[in-house]
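Report on the following structure.
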Amino acid sequence: MEAGARVYIPVSVAETRISKRFDAIPSGTLYPNADEIQYLQRLVKYKDYAIIVLNKPPKLPVKGNLPVHNSMDALAAAALSYDYDEGPKLVHRLDREQSGLLLMGRTKESVDHLQWLFSDINKANSSCKAWNDACEATYQRYWALVIGSPREKEGLICAPLTKVLLNDGKTERVILAHQSGLEACQEAITEYRVLGPVINGCSWIELRPLTSRKHQLRVHCAEALGTPIVGDYKYGWFVHKRWKQMPRADIEPTTGKSYKLRRPEGLDVQKGSVLSKVPLLHLHCRELVLPNIAKFLPVLNQKSENLHPALSPRPDLLRFVASMPSHMKISWNLMSSYLV
């Protein structure tokens, strides 16, 4: 190397230096303390005898392994068991960097039925018509901030996915499958809708996955639409090399109004948003509609066609909407006046 030469490194390396600032729960502990238990219980949006629905914060891993102790499944076993002998079990997953609605089952029966529902959502084969109709009405909706804007304002992405092994022999990456028929691939379908115009090179879109594949939304946005999600350094690293943060604005994160008082120099209350040099992932599971499993479990277990009269007044469907994390709220407030 010569004096004055430039060395380029992936944005993800820069991100790791500040990732601990955004950790929702201190790492390095398998058993949560009292404060962490209270924190996790505040994330719960809904609870009945069959399920728990949480609003997962970003940077909290869902499924743990040996190096990851502060994962949702491990923490839920200790913090969200309530009056049950065992904690709830995962029904579906969100990426570590993602935020939003996370569904967990509290009984073996509810876990089995809901895992089946999320694995093959379009094949309800119960003798109970109400359950079949509720399964057909199940969906998830995500909001994402992407770099650029899709050519069409709305559409359907039908792009199968496959996995490849990188040169290090360890890291897997999901990519669009070639139509050669020589590689194993999985069908992946996503509906999308643009929510507003391009602002500072970015636009908000709504995503509705019709299949459940690993990294489906991130790959479809980056490769099928050509618009990587802001903060997605795995699939949009090349675009993030040219990332330009929005001009700094002194706004309240929750209201979007201007600050009335001056802040101490260097105090960053807008970290992770589009105002940051290294923004966090802007992908949030905002809406979830699913069958009221607590209502249907007695019918499904007995394989009967009729509901008990006492259960009939309960709704067949449950709908949940989760607020965005702070870094996405800031980005949203900066651009909300332009959205439809």
Side-chain angles (χ1 to χ4, degrees), residues 40-41 43-57 60 62-63 72-73 76 80 82 84 87-95 98-144 187-193 206-214 216-217 283-305 307-308 310-324:
L40 284 168
Q41 292 180 349
L43 300 178
V44 175
K45 292 185 62 67
Y46 176 84
K47 174 174 69 74
D48 60 26
Y49 84 87
I51 65 170
I52 287 179
V53 179
L54 307 98
N55 187 4
K56 186 189 93 67
L60 177 61
V62 171
K63 184 66 176 176
M72 179 58 76
D73 58 342
L80 302 179
Y82 295 99
Y84 283 35
K89 302 293 189 295
L90 292 170
V91 171
H92 67 108
R93 298 186 184 184
L94 297 177
D95 294 340
Q98 280 182 245
S99 60
L101 292 166
L102 183 69
L103 177 64
M104 307 187 81
R106 302 191 69 195
T107 67
K108 183 181 182 303
E109 293 78 10
S110 63
V111 170
D112 290 343
H113 286 295
L114 290 173
Q115 284 181 341
W116 165 83
L117 178 65
F118 277 87
S119 63
D120 200 347
I121 206 169
N122 295 319
K123 293 184 179 179
N125 55 6
S126 170
S127 58
C128 178
K129 184 179 183 301
W131 166 257
N132 294 341
D133 293 342
C135 289
E136 290 291 335
T138 300
Y139 66 84
Q140 293 172 284
R141 281 203 177 103
Y142 291 73
W143 279 6
E187 180 186 34
I189 305 174
T190 304
E191 290 181 352
Y192 74 91
R193 179 172 68 97
E206 181 181 81
L207 302 163
R208 179 180 172 180
L210 303 184
T211 53
S212 302
R213 309 299 181 207
K214 181 179 180 180
Q216 174 178 324
L217 300 181
L283 179 61
H284 177 71
C285 183
R286 180 179 181 270
E287 184 179 4
L288 173 64
V289 173
L290 74 157
N292 188 350
I293 188 70
K295 174 180 179 178
F296 289 109
L297 269 182
V299 178
L300 297 174
N301 292 337
Q302 297 175 5
K303 298 183 179 179
S304 170
E305 297 184 14
L307 290 168
H308 190 280
L311 299 175
S312 296
R314 298 184 184 179
D316 291 349
L317 291 171
L318 299 175
R319 178 178 179 267
F320 306 99
V321 177
S323 60
M324 292 185 290

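- We find the CD1-CH2 distance between I293 and W131 to be 4.0 Å, quoted to the nearest 0.5 Å.
- Remark: the backbone N or O of K45 is not paired with any side-chain donor or acceptor of K47 at under 3.5 angstrom.
- The local environment of CZ in R213 is crowded, with over 12 non-hydrogen atoms from other residues, nucleotides or ligands closer than 6.0 Å.
- Formation of a donor-acceptor pair under 3.5 Å by the N55 side chain with backbone atoms of S323 is found in this model.
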Legend entry - Chi angles and distances behind the side chain to side chain contact (heavy atoms under 4.5 Å, CB included) call for L101, Y46: CA-CA 11 Å; L101 292 166; Y46 176 84; over 6 Å; no
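- Taking CG of L114 as the start and CD1 of I51 as the end, the distance is 7.0 Å to the nearest 0.5 Å.
- Smallest separation of non-hydrogen atoms from A50 and S110: O-OG, 2.9 Å.
- A pairwise comparison of heavy atoms in V289 and A137 identifies CG1-O, 3.7 Å as the closest pair.
- Note that CZ of F320 is 12.0 Å distant from CG of L102, once rounded to the nearest 0.5 Å.
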Legend entry - Stepwise side chain to side chain contact (heavy atoms under 4.5 Å, CB included) test for L80 and L54: CA-CA 10 Å; L80 302 179; L54 307 98; 3.5 Å; yes
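- Atoms NZ and CG, from K89 and L103 in turn, are 14.0 Å apart once rounded to the nearest 0.5 Å.
- Checked by atom type and distance alone, the side chain of R106 pairs as donor or acceptor with a backbone atom of D48 at under 3.5 Å.
- One finds the CZ atom of R193 at 11.5 Å from the CZ atom of R208 (value rounded to the nearest 0.5 Å).
- Between the side chain of R319 and the backbone N or O of E287 there is no donor-acceptor pair closer than 3.5 Å.
- Taking all atoms of both residues into account, the shortest heavy-atom contact from A322 to C285 is CB-O, 4.2 Å.
- In this structure, the side chain of K56 engages the main chain of Q98 through a donor-acceptor pair within 3.5 Å.
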Inset, instruction - List the steps and the verdict of side chain to side chain contact (heavy atoms under 4.5 Å, CB included) for L207 and L283. - result: CA-CA 10 Å; L207 302 163; L283 179 61; 4.2 Å; yes
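- In this structure, D316 contributes its side chain and A134 its backbone to no donor-acceptor pair below 3.5 Å.
- Taking the side chain as every heavy atom from C-beta outward, Y142 and T190 never approach each other to under 4.5 Å.
- Annotation for P57 and L43: closest pair CD-CD1, 3.7 Å, computed over non-hydrogen atoms.
- Judged purely by atom type and a 3.5 angstrom limit, Q216 uses its side chain to pair as donor or acceptor with the backbone of I189.
- Remark: side-chain polar atoms of K295 are paired, donor with acceptor, to backbone N or O of R314 under 3.5 angstrom.
- F118 and S212 get closest at one heavy-atom pair: O-OG, 3.1 Å.
- Within the model, atoms CG of D112 and OG1 of T107 stand 8.5 Å from one another, a figure rounded to the nearest 0.5 Å.
- Across E109 and L297, no two heavy atoms sit closer than the pair CB-CD2, 3.9 Å.
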Legend entry - Test log, rule side chain to side chain contact (heavy atoms under 4.5 Å, CB included), inputs M72 and M104: CA-CA 10 Å; M72 179 58 76; M104 307 187 81; 4.3 Å; yes
